[in-house]
Amino acid sequence: MFWYNSVNGFSHSAGKRAPTFGRRGVHMAEEVRVRFAPSPTGYLHVGGARTALFNWLWARHTGGTFILRIEDTDRKRYVPDSLDDIMASLRWLGLEWDEGPDAGGPYGPYFQSQRLEHYHRYAEELIARGAAYRCYCTPERLAQVREERRRRGLPPGYDRHCRYLPEEERARLEAEGTPSVVRLKVPETGQTVVHDLLRGEIAFDNQKLEDVVLLKSDGYPTYHLAVVVDDHLMRISHVMRADEWISSFPLHALIYRALEWEMPVFVHLPMILDPSGKGKLSKRKQRRPDGQVEENMTMVREFREAGYLPEALFNFLATLGWAYSGEQEIFSVEEAVAKFELEDIRTAPAVFSYEKLEWMNGVYIRALAPEELARRLVPFMERAGLRVTADDLLPLIPLVQERLKTLADGPAYLDFFFQDIETPSADVLVPKKMDAPRTLEALRAAREVLAEVEWNEEAIEARLRQLAGELGLKAGQLFQPIRVATTGKRVAPPLFGTLYHLGRERALERIDRALQVLEQAAVQEQ
RNA sequence: GCCCCCAUCGUCUAGAGGACUAGGAUACCACCCUUUCAAGGUGGAGACAGGGGUUCGAAUCCCCUUGGGGGCACCA
């Protein structure tokens with residue numbers, strides 16, 4: 001049979017550094033069409049987002065088309081709100097699609113559940129061409145077979161029972177209306193050689209391949225059939241998908257060849273690994289940044305809620321498995337689009353580094369216009385119970401901008417501006433190498449200065465520095481009690497700006513409360 | 001178990017046989033700056049998994065070993 005010659009279709013091995021277009025020279029002018037095809041079985045995972053991102057980057061780089069296709073062929077695992085999350089997360093990252101749900105397009109519908117007639121048609125076509133067959137085995141029998149094979153030390157799989165069903169038996173089962181699936185008729189000998197842009201040729205012994213189910217008994221296709229049919233019908237030029245699909249790649253190739261369809265260029269993307277380096281990134285794994293045991297963040301929405309900027313996540317994900325030069329790693333969207341090349345995608349799996357993402361997020365936060373930072377901080381302040389507007393925040397931005405790692409850090413740095421503080425205890429108020437009486441004396445003096453100083457940052461700083469000298473204290477010894485008294489924190493934004501924006505009245509009021517605490521402590525120490 | 005993929009500092013990576021005393025970033029450490037914390041500056045420690053080939057010459061090409069990962073559903 002023609003498709004037993006599995007090596008056809010490839011003129012030469014491209015190898016690791018093959019030119020992107022050269023291999024399919026005839027198609028150099030052909031439009032690039034790529035797709036991201038998630039299944040609505042859960043929220044968008046950062047691994048999925050990275051796949052989407054690479055596809056999007058390639059589409060934008062080439063002036064091609066980015067398609068969103070929903071692979072909703074598993075009715076059992078369907079999660080109702082996952083589709084909304086996937087679309088919202090993609091848009092949050094800036095990965096707008098040209099064709100797909102909402103957008104529409106000439107090759108729709110873009111939900112596989114609405115394309116069943118196509119899968120049925122090509123399943124029949126495959127049967128007619130002798131490349132597939134109906135299988136009437138029950139799930140129970142299949143389970144039995146698997147168990148049996150396991151016991152005999154064989155790889156789990158189907159025993160091809162129905163492939164060799166006598167014709168009269170087949171007719172009888174059909175007449176009885178026995179439920180059936182359609183299976184791929186994999187050649188029993190020879191090899192299937194597939195081509196990956198980055199890895200070159202990969203050969204599989206047909207003997208090791210399985211007669212996978214193409215069409216389920218509920219009439220829905222499996223991934224294997226649906227992906228091939230849709231990629232062909234939607235005229236996909238490049239398939240970029242996760243590494244884990246390499247195993248079923250030969251099955252897909254067999255379907256393409258049986259249907260005599262030309263294959264797109266395949267690029268398998270490296271896996272994203274858990275920080276432990278053990279296995280795919282998943283929620284189950286735990287990380288402990290400071291001894292704390294917690295769940296990994298894996299969903300795009302979680303990063304958004306944790307105060308990461310979309311541009312930072314975008315940049316980080318873009319450099320996970322793709323490197324432009326080894327020198328540059330901060331890329332604007334435009335730069336990434338301009339510089340993205342398929343050849344520069346790595347094949348080795350990459351560990352997801354939360355530390356590096358956090359650093360990068362800080363870089364992007366520092367680069368934000370103050371007005372913009374203020375605007376983005378508002379929801380995080382509100383979530384912490386602080387009712388503020390961007391205008392309230394704006395004057396305070398210079399105090400915190402270079403300190404924030406995430407937007408969620410905002411409240412911890414700024415809450416005392418917007419709500420009263422708990423009066424700090426003496427042990428927090430008294431700096432190292434100081435005692436309560438001396439701290440009390442210093443803070444009293446500071447109160448007097450602050451009560452009459454002209455209320456601007458420069459004057460406050462000048463007078464307090466002068467005071468420190470008069471008291472024979474180091475700057476920190478005077479400033480720290482003031483900081484703690486007015487902010488309730490040991491760690492807070494720069495003092496003079498803080499005092500200025502807090503206002504004289506509130507600053508003095510908080511200092512007075514701290515003085516009471518210190519008075520008591522001073523008495524007790526004597 | 002079988003099949004497939006992968007292998008440079010802890011991590012992300014540069015490296016296309018000679019430009020490698022292996023570069024950058026992050027994380028870490030020290031110092032500087034400094035009112036705390038950051039940010040910034042300077043410096044430091046830190047890698048070609050192992051073994052065979054090929055070659056005048058190997059991080060780079062080939063083979064083996066080891067290690068890691070993925071897959072083996074009427075899931076995607």
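Convention: sequence-line order gives letters A, B, ...; per-chain numbering from 1.
- Rounded to whole Å, the distance from OH on A:Tyr413 to C1' on B:A39 is 10 Å.
- Across the protein-nucleic acid pair, A:Leu499 atom CG and B:U36 atom C1' stand 13 Å apart, rounded to whole Å.
- On the P atoms, B:A22 is 25 Å away from B:C28, given to the nearest whole Å.
- Judged as a side chain to side chain contact (heavy atoms under 4.5 Å, CB included), and not counting sequence neighbours, the contacts of A:Pro109 are A:Gln114, A:Arg115.
- The ring pair (Phe, Tyr, Trp, His ring centres under 6.0 Å) search around A:His268 returns A:Phe249, not counting sequence neighbours.
- For B:C28, the paired nucleotide is B:G44, the pair qualifying as Watson-Crick or G-U wobble because both relevant distances are below 3.5 Å.
- Of the side-chain N and O atoms in A:Arg346, one or more sit less than 4.0 angstrom from OP1 or OP2 of B:A14.
- Residues satisfying the side chain to side chain contact (heavy atoms under 4.5 Å, CB included) criterion with A:Asp427, sequence neighbours excluded, are A:Ser425.
- Residue contacts shown for A:Phe352 are absent, as no nucleic acid heavy atom lies under 4.0 Å away.
- Remark: A:Tyr324 OH is loosely packed, at most 12 non-hydrogen atoms of other residues, nucleotides or ligands lying under 6.0 Å away.
- Nucleotides B:A45 and B:A7 have their P atoms positioned 29 Å apart, rounded to a whole Å.
- A salt bridge does not link A:Asp159 with A:Arg149: none of the charged nitrogens is closer than 4.0 Å to a carboxylate oxygen.
- Side chains of A:Lys339 and A:Gln328: a donor on one and an acceptor on the other come within 3.5 Å.
- If you take NZ of A:Lys432 and P of B:U36, they are 11 Å apart, rounded to a whole angstrom.
- Between A:Arg134 and A:Glu124 a salt bridge is recorded (basic side-chain N to carboxylate O distance below 4.0 Å).
- Using a 4.0 Å cut-off, no side-chain N or O of A:Arg149 falls inside it from OP1 or OP2 of B:G1.
- Figure legend: A:Arg403 and A:Tyr413 shown without cation-pi pairing, the cationic atom not lying both under 6.0 angstrom from the six-membered ring centre and within 45 degrees of its axis.
- A:Thr298 and A:Asn296 share no side-chain donor-acceptor pair at under 3.5 Å.
- Every ring pair (Phe, Tyr, Trp, His ring centres under 6.0 Å) that A:Phe352 has, sequence neighbours left out, goes to A:Phe303, A:Phe316, A:Tyr354.
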**Heavy-atom protein contacts under 4.0 Å, nucleotides 23-33 of chain B, coded B base, S sugar-phosphate only, - none** = BBBSS------
All N/O pairs under 3.5 Å across the protein-nucleotides 41-44 of chain B interface:
none

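- The distance from atom CG of A:Leu414 to atom C1' of B:C37 is 13 Å, rounded to the nearest whole Å.
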**Complete:** Given protein heavy atoms under 4.0 Å, the one-letter contact record of nucleotides 69-76 of chain B, with B base, S sugar-phosphate only and - none, is simply SBSBSBBB
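- Pairing partner, B:G67: B:C6, with both Watson-Crick or wobble hydrogen-bond distances short of 3.5 Å.
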Atom pairs under 3.5 Å, N or O on each side, protein against nucleotides 47-50 of chain B: can you list them with distances?
none

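- Looking at residues two or more places apart in sequence or on another chain, you find no side chain to side chain contact (heavy atoms under 4.5 Å, CB included) involving A:Gln144.
- Taking atom CG on A:Leu251 and atom P on B:C4, their separation rounds to 15 Å, with Å as the unit.
- Scored by the salt bridge (charged side-chain N to carboxylate O under 4.0 Å, His left out) test, A:Arg510 finds A:Asp420 as partners (sequence neighbours excluded).
- Judged as a side chain to side chain contact (heavy atoms under 4.5 Å, CB included), and not counting sequence neighbours, the contacts of A:Ala445 are A:Leu467, A:Leu471.
- Applying the ring pair (Phe, Tyr, Trp, His ring centres under 6.0 Å) rule to A:Phe380 yields no partners; only residues at least two apart in sequence or on another chain are considered.
- Pair assignment for B:U21: none, as no Watson-Crick or G-U wobble contacts are both less than 3.5 Å.
- Between the CD1 atom of A:Ile330 and the C1' atom of B:C12 there is a distance of 12 Å, given to the nearest Å.
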